[in-house]
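Fair warning: this is a prediction, and the values are worked out from it, not measured in the lab. Sequence lines set the chain letters: A, B, ... in the order given, protein chains first and strands last, and positions in each chain run from 1.
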2 protein chains.
Amino acid sequence: MKQSVRIAIADDQSIIREGLATMINLEGNCNVVIRAQNGVELIENLTNNSVELILLDIQMPVMGGLDTLKQLRKMAYSVPVIMLTTFADDQYMIDAMKLGAAGYVLKDIEIEELFMAMERVVHGHMVFPQIVQKKLIEQLSQQQKPEVTMKEQLLEQGISINSREEELLKLIALGYSNQRIADEVYLSLGTVKNYCSKLYGKLRVENRAELVSYLHQLLKI
Amino acid sequence: MKQSVRIAIADDQSIIREGLATMINLEGNCNVVIRAQNGVELIENLTNNSVELILLDIQMPVMGGLDTLKQLRKMAYSVPVIMLTTFADDQYMIDAMKLGAAGYVLKDIEIEELFMAMERVVHGHMVFPQIVQKKLIEQLSQQQKPEVTMKEQLLEQGISINSREEELLKLIALGYSNQRIADEVYLSLGTVKNYCSKLYGKLRVENRAELVSYLHQLLKI
DNA sequence: GGAAAGATGTGACTTTAGTCATTCCCTTTT
DNA sequence: AAAAGGGAATGACTAAAGTCACATCTTTCC
């Protein structure tokens, strides 16, 4: 690295934290100015010391790396962050990337590799394991949805419905008329009406339109 | 590059397309096997030829680079793609990244830089201009929403409504009854009914519930 | 076996939604 | 000033939604 870079390290394992700090300081053009045991400590210290790079352990008590990162983003703190971890967990990496981490480095790499990653990140690049790119594409192309059933969603609201009611709710949410629903599920018109009445009570709405609106809001469909 | 890499180039400017192809082929361990003038041509050729890397111009007629990229993702085509463009447009870069592009390279760079980017991308890395990281963080932290009015959304569907109709639509979408709407906007019950009828015709729905469903789907509210 | 609970159906009824032709009023246009 | 047009209202009507009490049948449970 060309210039002296002020660095913050947050890791609960003192061997790693102090070992890293020592090596980084010895490297000559770097300077570890903050050593924190967790995210809270890191953020407290950041208010008094400016740094150009943060090394952030993911597994920490009190406030983990991802939560810390999220907090930093909320504070509109734009210093690049390299996540440090023992585990090459895909989802961690992707979450870190989505939270705007600049890099993701495994703890078992050679110190020279870490220095290279740090140098690249300080210069504005991103350094992620190759696997992340592939996983990210998968996630983006799948546009994965949580896939929660209407029944489960309503249960979260303290409303329990049986499968027949769920079936009818789906059709009501589509804007179907009672007659059309009756034809669709082979029930009599009267029965469909009865179910509607019961559902209005359960879901605490006054009429069909309100129910449709409520369902769409709840289910984001 | 260590091994021979099969490459596809899509660019409507023949000077760039053929020039790049020639230089890449001369480089020794690369082989341009597809040369396309646009996205459609590229995708057609990909079905017959497998490649390990795609160079994709953003500005192309018939099917632009981003649309092509989107299409490739839909086809679950996972070959890394480097976007080529004359312009360092932030939004283009971010869109490209979100669509899973592996790299984004400006056309005015030195050929050696392109080769370096290609090598990194083939090995699974991402190569984006530094600015992207920052912009991406901004976008993720803002969670910016487009903020489009109902009127505009409907206009995109070829449906034009006046402000009174928009006002009523909003209330209908909330599940309000005609009487409640009438009270809310100081119109007579009959007038509200008349508006409803007119709107059902305009929005091509049969009844109130269907309208509510349609509006929620369209507006994602 | 018999009670209880749940699913479905019926009929009669009230309320709301939806349609349509027509009128009134106000503003803009010619 | 007359015509044209849009917004709002009215009344009369039909269709659909919604309520409710009650009946029927099956399954479940003690």
*Does one side chain, of B/Gln13 or B/Lys107, offer a donor that lies under 3.5 Å from an acceptor on the other?*
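Distance-only check passes for B/Gln13 and B/Lys107.
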About how many Å separate [atom2] of [Y] and [atom1] of [X], when rounded to the nearest 0.5 Å?
X        : Y        : atom1 : atom2 : result
A/Asp11  : A/Ile58  : CG    : CD1   : 11.0 Å
B/Asp95  : B/Leu69  : CG    : CG    : 10.0 Å
A/Tyr186 : A/Thr191 : OH    : OG1   : 15.5 Å

### Five-pair end axes of the helix from C/dG1-D/dC30 to C/dT30-D/dA1 and the angle they enclose, rounded to 10°
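Rounded value for the end-axis angle: 30°.
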Notebook entry, point to check: Between the side chain of B/Ser160 and the main-chain N/O of B/Leu155, is any donor-acceptor distance below 3.5 Å?
Noted result: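 Not confirmed, B/Ser160 side chain does not pair with B/Leu155 backbone.
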Exercise for review: Would you sort out whether A/Thr86 and A/Gln59 count as a side-chain hydrogen bond (donor to acceptor under 3.5 Å, both in side chains), showing the intermediate values?
Suggested key: CA-CA 9 Å; A/Thr86 311; A/Gln59 283 82 28; 4.9 Å; no
According to salt bridge (charged side-chain N to carboxylate O under 4.0 Å, His left out), who are the partners of A/Arg17, at least two apart in sequence or on a separate chain?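 By the salt bridge (charged side-chain N to carboxylate O under 4.0 Å, His left out) rule, A/Arg17 matches no residue at all.
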**Request:** Mind jotting down which residue pairs meet the side chain to side chain donor-acceptor pair (under 3.5 Å) criterion with at least one end in residues 161-175 of chain A? Sequence neighbours excluded, please.
**Result:**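 Found A/Arg164-A/Glu167, A/Glu165-A/Lys202.
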- Task: Would you mind listing every side chain to side chain donor-acceptor pair (under 3.5 Å) that reaches into residues 40-53 of chain A, with sequence neighbours excluded?
- Result: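 Passing the test, one end in residues 40-53 of chain A: no pairs.
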*Identify the 5'-most and 3'-most nucleotides of DNA chain C with at least one atom closer than 4.0 Å to a non-hydrogen atom of chain B.*
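Range of nucleotides within reach of chain B: C/dA17 to C/dC20.
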Begin from the C-alpha positions of B/Asn178 and B/Ile172 and carry the test side chain to side chain contact (heavy atoms under 4.5 Å, CB included) through to its verdict.
CA-CA 8 Å; B/Asn178 286 338; B/Ile172 294 171; 5.7 Å; no
For nucleotides 17-27 of chain D, 5' to 3', base contacts (B), sugar-phosphate-only contacts (S) and non-contacts (-) with protein non-hydrogen atoms under 4.0 Å give BBBB-------
